[in-house]
S.K.: 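Quick one: structure below, then a few questions.
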Amino acid sequence: MVTSRRHDYQGMGGMLIDLTAWMLNALQQRLDEKYNKMLCRIIKKKTIANAVGDAVGAVFGEMLQEMELKHGQRIVFEKGGSEGMGEYERYRRNRTCDALGYVIPNATIRLLGEIGEGASATVWKGKVGSKVVVVKVSKLGRKRDVVREWKGVEAIMEKHQALPIPRYYGCFESVNGQTAAIVMEMCGEPVSRSEGEDEIPAAYREKVAAAVEAFRVAGVEIYDHANRNTLVTREGEIRLIDFALDVDRDMTGEA
Ligand SMILES: Nc1ncnc2c1ncn2[C@@H]1O[C@H](COP(=O)(O)OP(=O)(O)OP(=O)(O)O)[C@@H](O)[C@H]1O
């Protein structure tokens, strides 16, 4: 009697576990659909607003999906809806990331929203699994700038691993050759939205000075030192971005 009840319970328990897993999966798919639709609308708006056509649409989107190859050697950018998708391949000069073990461990980067925009690139917050990352995607016709920045970053990373910079996961190039994207660690917010040393909150001034000093000691010139390029992590640490000088001036035909 007791045994068979236990079996009943176990049977029901098993069913419940299966059902819960199934429901969660269905919910996840539903959320994905909603999310994809929402991002698709944003992509379309942006594409029209920027009047730059499909190529931009092929860059921004809801999923960068790693295919087959391990460690994000190749990612596929999937767009929602009926439009096409763009493939990205890991840029050939990524050896330092590999050597340092800075790799994207998961197949999908979900772009959550725009966090910055410069002349040559749009910067997105994204998620790889539960990890938040930042994706800097070249604007139409500005791939060369992003690739150049990457070459500069790589050259510096190769020699100086202790500098206060984000962890870079690599550079990716779209297969159609139009765009490039740099994937890096999320380093929080700029130390100040206004420029000038006085605008830096007192609590961070020493830390910022120490970060700049680290570059000086390493003999690395900071390309664009500004408060907007001086980020404070959640742990209150300083990270500089846009530090890479253009190392590509004498290299032609590579971007
Ligand atoms: N790793 C990061 N973590 C958090 N925020 C970031 C990161 N990288 C960039 N950002 C945000 O995006 C903004 C623009 O990034 P970035 O400076 O690299 O772009 P840009 O195109 O070179 O712009 P600009 O030349 O105008 O500074 C930054 O000011 C910062 O707010």
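Atoms within a ligand are numbered from 1 in the order they appear, just like the ligands themselves. One-based numbering along the sequence shown. Note that this is a predicted model, so its numbers are computed, not measured.
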S.K.: Select all protein residues for which some heavy-atom-to-ligand 1 distance is less than 4.0 Å, and list them by chain and number.
M.R.: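 Residues near ligand 1: Ile115, Gly116, Gly118, Val123, Val134, Lys136, Met184, Glu185, Met186, Cys187, Gly188, Pro190, Arg228, Asn229, Leu231, Ile241, Asp242.
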
S.K.: Under the 3.5 angstrom rule, does the side chain of Asn229 hit a backbone N or O of Asp224 as a donor-acceptor pair?
M.R.: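 Yes, the answer is positive, given that a donor and an acceptor are paired below the 3.5 Å cut-off.
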
S.K.: Go through the structure and list residues passing salt bridge (charged side-chain N to carboxylate O under 4.0 Å, His left out) with Arg239, not counting sequence neighbours.
M.R.: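 Glu237.
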
S.K.: Tell me, please, which residues at least two apart from Glu189 pass side-chain contact (heavy atoms from CB on, under 4.5 Å).
M.R.: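 Residues passing side-chain contact (heavy atoms from CB on, under 4.5 Å) with Glu189: Arg193.
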
S.K.: Could you name each residue pair satisfying side-chain hydrogen bond (donor to acceptor under 3.5 Å, both in side chains) that touches residues 194-214, not counting sequence neighbours?
M.R.: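 Sorted result for residues 194-214: Glu213-Arg216.
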
S.K.: Any ion pair linking Lys136 and Asp242 (charged N to carboxylate O, less than 4.0 Å)?
M.R.: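 Looking at Asp242 and Lys136, the cut-off is met.
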
S.K.: Donor-acceptor pair, Asn227 side chain versus Gly196 backbone, under 3.5 Å?
M.R.: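 Looks like yes, one N/O pair under 3.5 Å.
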
